Structure formats: structure tokens, C-alpha cells
Amino acid sequence: MSNQSRSQLYIAATAPFDFNNPGDTISGMLQLASELLHSERIALYEYDEEETSFIPRFAFGVPMGDLGRLTSSADHPVLRSVLANHTATTTDTSQSTLALPLAPGIVACAPCITGEQTIGLFFVGKKSKQPYSGDDLAILEVLATRVAEVLALARQSASRSYTFHKLSLLYQASHAITGSKDRQDVIRQIAAYVLKATSADFCEVLVFDEGNGYTTRFRPQLGKSMQQSVVEMTSDKMPDYPIHKKVLQELRPSSLSLSPPVGSTKDIAMLQSEDISAAAIFPLATHNLALGIARVLYKKPGRQINDQEMELTQAIINIGAVGLQDAIHLETAESRASQLQVLGEIGREMTSTLDLEAALEKAMAHTQNLLQVEACVLFLLDELGEKLVLKASGGGRLRIRDVAIRLEEGIAGWVTRNQRPLIVNDVRANPLYQSAIDGQTGLLTTSVICVPLARRDEVLGVIEAINHPRGAFTETDQQLLSSVAAWAAIAVDNATLFQRVTEERSRLEATLVETIDAVVLTDTLGRIILVNKAAGQAFRINPERAVDRLASEIFTGHPLGEMLMDQEISLPTSQEITTPTERILFATISEVTDVGRVAVMQDITAFKQIDHMRSQLLGTAAHDLKNPLNAIRLGADLLHDAPLSDQQRRALNMMQRATESMTNLITALLETIRVESTANVIYEPCQINDLIRRAIEEMRPLAEDKHHTIEYKPPDESLLIMGDPNRLNSVMSNIMSNAVKFTQPGGHISLSVEWDDEQVTISVSDNGPGIPEDELPRVFEHLFRGRINVGDPDNPIDGTGLGLALSKTVIEQHGGRIWVTSDESHGSTFSFSLPRKLTPKTGSLRKEA
Ligand code: ADP
């Protein structure tokens with residue numbers, strides 16, 4: 001890999017990363033790709049699991065609208081290779097017409113991989129005909145991996161905050177609904193929470209009134225401001241939408257809208273006559289019983305319910321349905337106010353704690369008390385769905401540990417298989433009864449009610465009430481037990497949801513803790529929240545003991561402490577720091593809203609060591625070569641005056657030329673090493689005109705030897721830049737001496753200066769032989785020398801191939817850019833631009849820590 005590519009790779013790998021603002025971070029990386037890979041067009045696609053295709057997310061230099069989606073099975077060799085080999089790939093000229101998103105031109109693509117998954121595609125495209133080099137592809141891969149990290153993090157935190165929101169709304173809703181006094185109250189609460197969960201204008205709850213086909217219809221008039229006084233209650237016929245029937249039949253929500261038209265013609269016409277622009281219809285149903293529907297209505301055109309809202313709304317309505325059923329069935333059974341109260345309590349208890357086992361245990365105790373039975377037990381299906389395992393019990397001195405029933409066994413097995421409740425008042429006369437189960441629980445069963453515990457279409461387990469005090473269970477007892485089962489199902493649901501959230505959270509935490517980058521997180525006051533393993537090792541601190549202490553205290557006297565605490569510092573910021581364990585880290589500190597600051601530090605010690613070793617090796621070799629070379633040169637000089645034959649003299653001349661070019665090469669190598677170390681760059685005000693004049697004067701004798709003319713019109717204003725005058729002078733001399741030496745005698749060399757508020761650009765043009773197109777991208781590489789040098793094998797042109805590489809390093813150290821345009825009929829123009837204000841860019845100009 002070339003030196004230049006290596007430093008670009010370094011820039012790519014250390015590009016600043018703002019946890020807080022994934023969008024900006026990704027745009028920044030796209031921009032960086034455009035700069036590093038000289039590409040005018042960039043596109044980032046993200047994989048959408050539902051659509052099973054890649055969807056354009058960010059674009060640079062090309063309108064997003066022009067980018068279509070890509071399916072993973074698309075018939076394109078580059079895409080196929082990227083997806084199959086997980087490496088970056090470029091088109092060559094022969095493929096450039098194929099339909100990749102950024103074609104025509106040369107296009108390269110790298111996969112954004114996290115875990116083992118390709119979650120995105122990073123495309124770069126350019127007009128030039130040169131395919132991307134291996135080094136370019138390596139840089140592209142690094143950038144794509146960085147983008148993948150950002151995408152993954154953004155996805156994780158989006159789903160996490162949504163789940164939190166969902167959980168808290170569900171809790172509030174179930175609290176309010178279980179606390180409701182009667183049917184109307186329940187309906188009011190359903191409407192209120194559905195409006196909270198969506199951006200709808202109205203929510204109507206339509207409940208069947210038994211027998212007469214009429215409905216009770218609630219419609220809060222002021223939409224979101226839910227006060228009791230503005231809730232209107234009417235009794236009328238349920239509007240006869242076809243979609244209502246469909247929803248009730250399928251027990252699945254469905255939606256309607258005017259534009260774009262979604263729904264049957266009749267539905268749409270009816271919606272229009274109600275002056276509503278979009279609607280979502282939900283079934284209001286418990287496990288097997290439809291109680292009515294809920295309608296979520298939008299007045300203003302263009303708005304509609306989204307998938308997440310749909311899911312949340314249905315969850316709230318499900319809780320409402322259970323509450324409503326309790327209310328309805330207790331309204332009909334008069335004088336059971338106390339039962340209603342207990343049921344409400346059971347519901348509330350089960351839905352307001354996340355300790356599932358405790359909740360179920362309490363619910364069983366309450367139910368046992370309520371029904372005055374000997375015991376109440378709850379079985380849940382095991383993970384394989386093969387056995388019912390006893391999870392909670394109320395009353396009786398029951399043995400509950402290790403009690404399990406196979407699905408084909410007993411009353412509980414039958415209820416699970418058939419998903420229907422069962423009352424058995426004389427167990428001994430019933431063939432389903434199996435005394436073996438009594439043997440396990442230590443209870444002698446005489447009568448039993450068993451109801452299924454179901455969530456949507458799935459049975460989770462059963463609840464059994466065992467041994468009626470007076471002998472016979474009734475339908476009412478069974479309904480009551482079914483209510484308890486409905487609450488228990490919701491409790492199981494919530495607990496699963498919570499488990500998922502906690503798992504996600506701990507996964508995120510584990511990622512942070514385990515990641516090889518060192519990470520330190522603080523709160524807004526600078527107190528440590530997290531020090532991950534890598535950071536603990538690098539700074540020789542105990543991560544657990546650091547928590548809650550001030551960063552300045554933990555990282556005493558170290559710049560990291562200051563960077564995490566300093567209120568003046570502007571963020572994000574990056575710096576190289578050295579740890580007490582002598583590791584060199586590239587630290588990026590950014591702000592995390594509502595949390596504090598995070599420092600992410602990459603270990604670049606190896607990079608630095610290789611760099612150092614390389615310089616040392618080169619330096620030693622060059623130095624050690626110099627002495628023997630001097631001896632040879634001295635010897636050759638001495639031989640000069642000796643009497644020699646023509647042949648011997650030609651050999652001596654060759655020897656002298658060879659030693660001279662070797663000496664030059666060594667001097668240039670040593671110079672390269674010196675310049676590439678940024679340690680001793682001196683920035684001071686430099687006058688552009690002085691810089692150019694000095695170079696022309698130095699070059700004049702050589703130019704005159706070859707009868708070249710030099711043309712230069714000085715700028716008409718004083719142009720000052722900050723720079724190292726000696727280094728910039730060596731850039732000018734390299735470019736000028738190339739122009740002089742490569743141009744045929746009698747040539748013309750012209751220098752020009754252009755400028756604006758931001759930068760100054762200096763160009764040197766010659767009317768020499770020009771540079772062949774295939775060599776153009778390589779002239780700035782170390783040790784590259786073109787074919788022109790050996791155009792005349794007897795008289796090769798002197799040079800080392802290091803001049804332009806050195807120039808590029810210097811210009812980039814100054815935050816500038818260097819480039820060449822050339823064609824073989826008109827000669828070459830080398831230009832470089834320098835910023836007028838020196839603003840060191842992260843990575844291209846670094847202060848040594
Ligand atoms: P050197 O001049 O020592 O060979 P450089 O790094 O300065 O090394 O240049 C690299 C190569 O770029 C040269 O060998 C030559 O092939 C090409 N080159 C540079 N400048 C010119 C120019 N003005 N005209 C033609 N070719 C050039």
C-alpha cells in the first residue's frame with residue numbers, strides 16, 4: 001500500500017464519530033469518501049428487511065430521487081461479488097454501462113457489515129476512466145465498516161426508545177383501564193390512550209348492545225384534549241361499512257384512506273360522507289369474543305396511521321377489551337361489586353409489575369380467595385410447547401416444584417389442545433381425570449374449572465380452580481376465571497416485552513464494554529458513567545471503582561480528564577493521546593444529549609510503530625550506504641587523471657554517473673523521512689510572490705542552459721498564507737525542476753496564481769512531452785518514475801521518483817491539495833492550492849501530543 005493511501009486509510013479509520021447525530025456522521029463520511037477517492041457521486045443504501053431490498057438513504061452529488069432500490073438478487077456482477085465475497089469491488093471500463101445506481105462512469109461498491117450481516121451498500125462513482133485501485137477499495141471498505149457501525153447504533157437506539165415509549169404507554173393504559181368504575185369509563189380510557197398513541201383527531205369506540213344491533217358510540221369532540229365533559233355518547237346503529245364486517249370477521253385491524261385511495265369503493269364513499277380523510281379500524285375483542293370495534297379517524301388529508309402506531313393501538317385496545325368484558329359481565333351479575341373490585345385489583349397488579357412470577361402468584365391467591373376454592377393454579381407451556389409447567393398457585397398446601405403435565409394428559413392438557421374452557425364437577429366420572437397429577441401436587445381433586453390462557457391465537461397455558469366449596473362450579477365462575485386468564489396473558493406479554501428491552505440494553509452495554517476501542521462515558525458534570533474494558537486496561541484503572549467519580553480525578557494530569565471536563569472546549573474534538581501504558585490512542589470526544597460526553601479511543605500504536613520503524617530502517621540504510629558510496633566516488637575521482645583506454649574511460653564515466661544518482665537517491669530518501677515527520681514543521685506568514693520569485697531565481701541557470709523561457713505575472717495584491725517557507729520552497733523547486741528537465745530545449749514554462757477568500761492556487765505549466773494517461777494517477781507515488789525517463793536508453797534522465805511524493809506530503813501537511821492535468825500534445829500543468837487560513841484538519845494535519 002502506498003504511503004499516501006496509508007495515511008488516507010488512517011483518516012478514514014479515525015473519522016470522527018458522533019453517537020448523538022448519526023445522520024450528520026454519515027453525511028460526513030460520504031463527504032470524506034468523495035474527497036479521499038476523488039469521486040463526484042456517492043450513495044449509501046440501507047437494507048430493509050421487510051422489503052428485502054436495499055433502499056437509498058443518503059446521496060452526494062446525485063439526487064436521491066434518481067436512485068432506485070436494489071434487490072439482493074439483482075443481476076449485476078459487481079453487486080453479486082460484493083454480497084458473496086463481502087469485499088469491495090470496482091467496475092472496469094468494460095462494465096461501466098451496466099445499470100449500477102451511479103453509472104455511467106467507474107463505480108465501486110463496498111458492503112456495510114456489522115455482526116455477520118450486510119446492512120448497507122456504499123457506492124462511489126467517478127467520471128474518470130481509471131478503475132478504483134486496490135488501495136481505493138481498502139479505504140472504501142474501512143469507510144463502509146464505519147458507516148455500518150453508525151447505522152447499527154442508530155437502528156438499535158431507535159427501536160429501543162420506541163419500545164420504552166410503548167411500554168410506558170401500555171402501563172399507563174392498563175392502570176387506567178383496570179381502575180375504571182364501569183363500562184363507559186373503560187371506553188373513555190381506551191379512546192384517551194389510543195389518541196395518545198397516535199396522531200389521530202378522533203377515536204370512536206363502538207360497542208355492541210346485546211340483542212338490538214345498536215351500538216354505543218363515543219367520540220371525543222376536541223380530539224386530544226380528553227376531558228370527561230367533551231366526550232359525547234350516542235346510541236345509534238353502527239355505520240354499515242363493509243370494512244367493519246371484515247375486521248370483525250378476521251379480528252385483524254385494517255385501514256382506509258381517500259388519497260391515495262385505500263379500501264373498497266363503498267368504504268371510501270362512506271368515509272367521504274363522514275368528512276374523514278383516513279381511518280384505521282381495530283377489532284375490540286378478547287380471545288374469542290368480539291365486543292365491538294374502535295375507529296381511529298383522521299380529518300386532515302395526508303395524515304395516516306403508521307405501522308408502529310398500529311401495533312401500539314392494537315395492544316391498548318386489547319387491554320381495553322379485557323377491561324370492558326369484565327365490566328360488562330359484572331354489570332349483568334348484580335351485587336358482585338366486590339368481585340369487580342378484586343378483578344380490577346388482579347388486573348392492576350399483574351400489569352403494573354415486571355416481576356412476572358410474583359404477579360402471577362398474587363393473582364392466584366386473590367382468585368382462590370374470590371372463588372372460595374381450595375386452590376388455584378397456573379400452568380405455562382414450556383419453551384418446546386410439550387409440557388405444562390406449574391408456575392404459580394394460591395391456597396392449599398401445594399407442592400409446585402417440578403410439577404409438569406404432558407399435553408396429552410388430563411384436563412389441563414385437553415383445555416390446552418382444544419383452546420376451550422372446561423368445567424368438571426365430578427372428576428372421578430370424567431375419563432380425562434388422571435389421579436397421577438394429584439399425586440404430584442399432593443391435592444385430592446373433586447371438582448375443577450380449567451380455562452386457557454391465550455394471547456392472540458397462541459395458547460400460553462391454563463388456569464385451574466380446584467374444588468368448589470359447595471360442590472358445583474357454574475358458568476359465572478368460569479367467566480370470572482377467564483377474566484383472570486386474560487389479565488395473566490397481558491402480564492406475560494408485558495414481561496416478554498420488558499425482557500426484550502432489557503436484553504437489547506444489555507447487548508448494547510456489552511458491545512460497549514467488549515469493543516476493542518476504549519470508551520469512557522461521563523454525565524454532564526463529568527462524573528464517570530462507564531469505563532469499558534479496553535479503557536480500563538489502557539489507563540490501568542479499575543472500571544468499577546471509577547464509576548461516579550470525576551473524570552479529572554480518575555485521569556489526573558492526563559489530557560483525557562481535561563477533555564471530558566473542560567466546559568470551554570468545542571465538541572466533537574479529536575486528539576492523539578498517550579496512555580500511562582505507552583499506548584497511542586486517537587481519541588474523539590463528543591457530546592451525548594441528556595447524558596454527557598463520550599470518549600471513543602482507537603489504538604493506533606501499531607500504525608505509529610510501523611511508521612517509526614520504517615523511517616528508522618530507511619534512515620539507517622541510507623546512512624550506512626553513504627560512506628561506502630563516498631569511498632567509491634573518491635576512487636573514481638582519483639582514477640579520472642590516470643591514463644586509461646577509451647573503453648576504460650567510458651566505464652569510469654558510467655561509474656561516476658551511477659554513484660552520483662545513488663547519492664541523490666539517498667539524499668532524497670533522507671529528505672523524505674525528514675519531511676514526513678510532522679514534528680518540526682514551522683508555520684509562519686509567507687508571501688506567495690516571494691515564494692515563486694525565489695524558486696524562479698534558483699531555477700534560472702538550469703533553464704537558461706536549456707534555452708527555456710519562463711513567464712510569470714505576479715498577483716496584483718499581497719497574498720499571505722501560513723506555512724513552512726523551506727518546505728514550500730522544496731515543493732516549488734521539485735515542480736519547476738521537473739518542468740525544466742522534462743521539456744525539450746527551447747521550451748516555455750509559465751507560472752500563475754489564482755486566489756479567493758478561502759485559498760490560493762499556484763500552477764506551473766510546461767509545453768513538454770506531457771504525461772501518458774496511464775501514468776497520471778501514479779506520479780505522486782513514492783519512487784514512481786515514468787517511461788519518459790528512459791525514452792533515450794543511452795541518456796536516461798536523472799531523478800529519484802521522490803520529488804512529487806514529497807511535494808504532496810508537504811502540501812497536505814498544510815491542509816492543501818496538489819494535482820496535475822496533462823495531455824501528451826500540450827504538456828503538463830502541476831497545481832497546488834493552500835488554505836489562506838491555516839485550519840488543521842483532523843488526520844491530515846496533526847499536532848503531536
Ligand atoms: P523524478 O522527477 O525524480 O523522476 P518526480 O516524483 O518528481 O520524480 O516525478 C515523477 C514522474 O512524474 C517523473 O519521473 C515523470 O515521469 C513524471 N513527471 C513529473 N513532472 C513532469 C513534467 N513536467 N512533464 C512530464 N513528466 C513529468
Side-chain angles (χ1 to χ4, degrees), residues 2-5 7 130 133 618 622 657-676 692 695-696 698-700 702-703 705-712 727-752 761-793 795-813 816-832:
S2 78
N3 217 32
Q4 175 204 353
S5 305
S7 80
Q130 282 292 323
S133 67
L618 248 121
R657 267 220 307 274
T659 43
E660 197 182 307
S661 79
M662 258 171 100
T663 315
N664 286 344
L665 180 62
I666 288 167
T667 314
L669 269 176
L670 288 172
E671 175 69 3
T672 310
I673 294 165
R674 195 184 64 78
V675 168
E676 285 186 352
I692 298 178
I696 294 179
E698 284 172 4
M699 209 47 62
R700 200 176 292 285
L702 278 179
D705 271 357
K706 288 189 76 175
H707 309 291
H708 291 321
T709 47
I710 299 182
E711 177 193 327
Y712 168 54
R727 286 179 186 225
L728 292 176
N729 178 250
S730 74
V731 173
M732 280 305 296
S733 329
N734 276 326
I735 297 178
M736 289 279 291
S737 72
N738 281 348
V740 169
K741 85 180 169 189
F742 289 116
T743 305
Q744 303 82 347
H748 184 75
I749 296 166
S750 72
L751 294 97
S752 66
T761 306
I762 301 174
S763 302
V764 179
S765 304
D766 62 50
N767 61 348
I771 301 169
E773 202 178 324
D774 64 317
E775 290 184 357
L776 266 181
R778 305 194 52 201
V779 293
F780 295 104
E781 283 177 14
H782 283 99
L783 300 171
F784 176 79
R785 307 199 61 216
R787 293 190 287 278
I788 172 103
N789 293 290
V790 287
D792 175 4
N795 201 5
I797 301 177
D798 272 343
T800 59
L802 286 170
L804 289 177
L806 208 77
S807 304
K808 187 167 160 66
T809 308
V810 170
I811 295 302
E812 285 177 354
Q813 276 169 352
R817 202 161 77 78
I818 185 167
W819 67 97
V820 57
T821 53
S822 175
D823 79 61
E824 286 176 82
S825 50
H826 296 101
S828 318
T829 301
F830 281 86
S831 314
F832 60 90

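In this text the structure is predicted, and so the values were computed from the model without any measurement. Order of listing sets the numbers, starting from 1, for every ligand and every atom in it.
- Partner of His708 under the side-chain contact (heavy atoms from CB on, under 4.5 Å) criterion, chosen from Leu702, Asn767, Val740: Val740.
- Of all the heavy atoms of Lys741, the ones lying under 4.0 Å from any atom of ligand 1 belong exclusively to the side chain.
- Within 6.0 Å of CD on Glu773 lie no more than 12 heavy atoms contributed by other residues, nucleotides or ligands.
- Relative to atom 21 (C) of ligand 1, the option among Phe742, Phe780, Phe784 with the closest non-hydrogen atom is Phe742.
- Looking at Gly803, Gly786, Gly801, it is Gly801 that brings a heavy atom closest to atom 1 (P) of ligand 1.
- Atom CG of Leu728 is separated from atom CD1 of Ile762 by 8.0 Å, given to the nearest 0.5 angstrom.
- The shortest side-chain heavy-atom distance between Met732 and Phe832 falls under the 4.5 Å cut-off.
- The Arg785 neighbourhood of ligand 1 comprises atoms 4 (O), 14 (O), with distances under 4.0 Å to a heavy atom of that residue.
- Ligand 1 has no atom lying under 4.0 Å from any heavy atom of Asn734.
- Residue Leu804 holds its CG atom at 11.0 Å from CD1 of Ile811, rounded to the nearest 0.5 Å.
- Expressed to the nearest 0.5 Å, how far CD1 of Ile788 lies from CZ of Phe742 amounts to 6.5 Å.
- In summary, the atoms of ligand 1 found under 4.0 Å from a heavy atom of Ile771, numbered by their order in the structure, are 25 (C), 26 (N), 27 (C).
- With rounding to the nearest 0.5 Å, the separation of CD1 in Ile749 from OH in Tyr712 is 15.0 Å.
- Short contacts between ligand 1 and Gly799, defined as distances under 4.0 Å to a heavy atom of the residue, involve ligand atoms 3 (O).
- Interface atoms of ligand 1 facing Ser828, defined by a heavy-atom separation under 4.0 Å, are 22 (C), 24 (N), 25 (C).
- Only side-chain heavy atoms of Ile788 come within less than 4.0 Å of ligand 1; its backbone N, CA, C and O stay farther off.
- Distance check, rounded to the nearest 0.5 Å: CG of Asp823 to CG of Leu776 gives 9.5 Å.
- With a 4.0 Å cut-off on non-hydrogen atoms, Ile797 does not touch ligand 1 at all.
- Considering backbone and side-chain atoms alike, Leu804 places an N or O below 3.5 Å from some N or O of ligand 1.
- Backbone and side-chain nitrogen or oxygen atoms of Thr800 are examined, and one is located within less than 3.5 angstrom of a nitrogen or oxygen of ligand 1.
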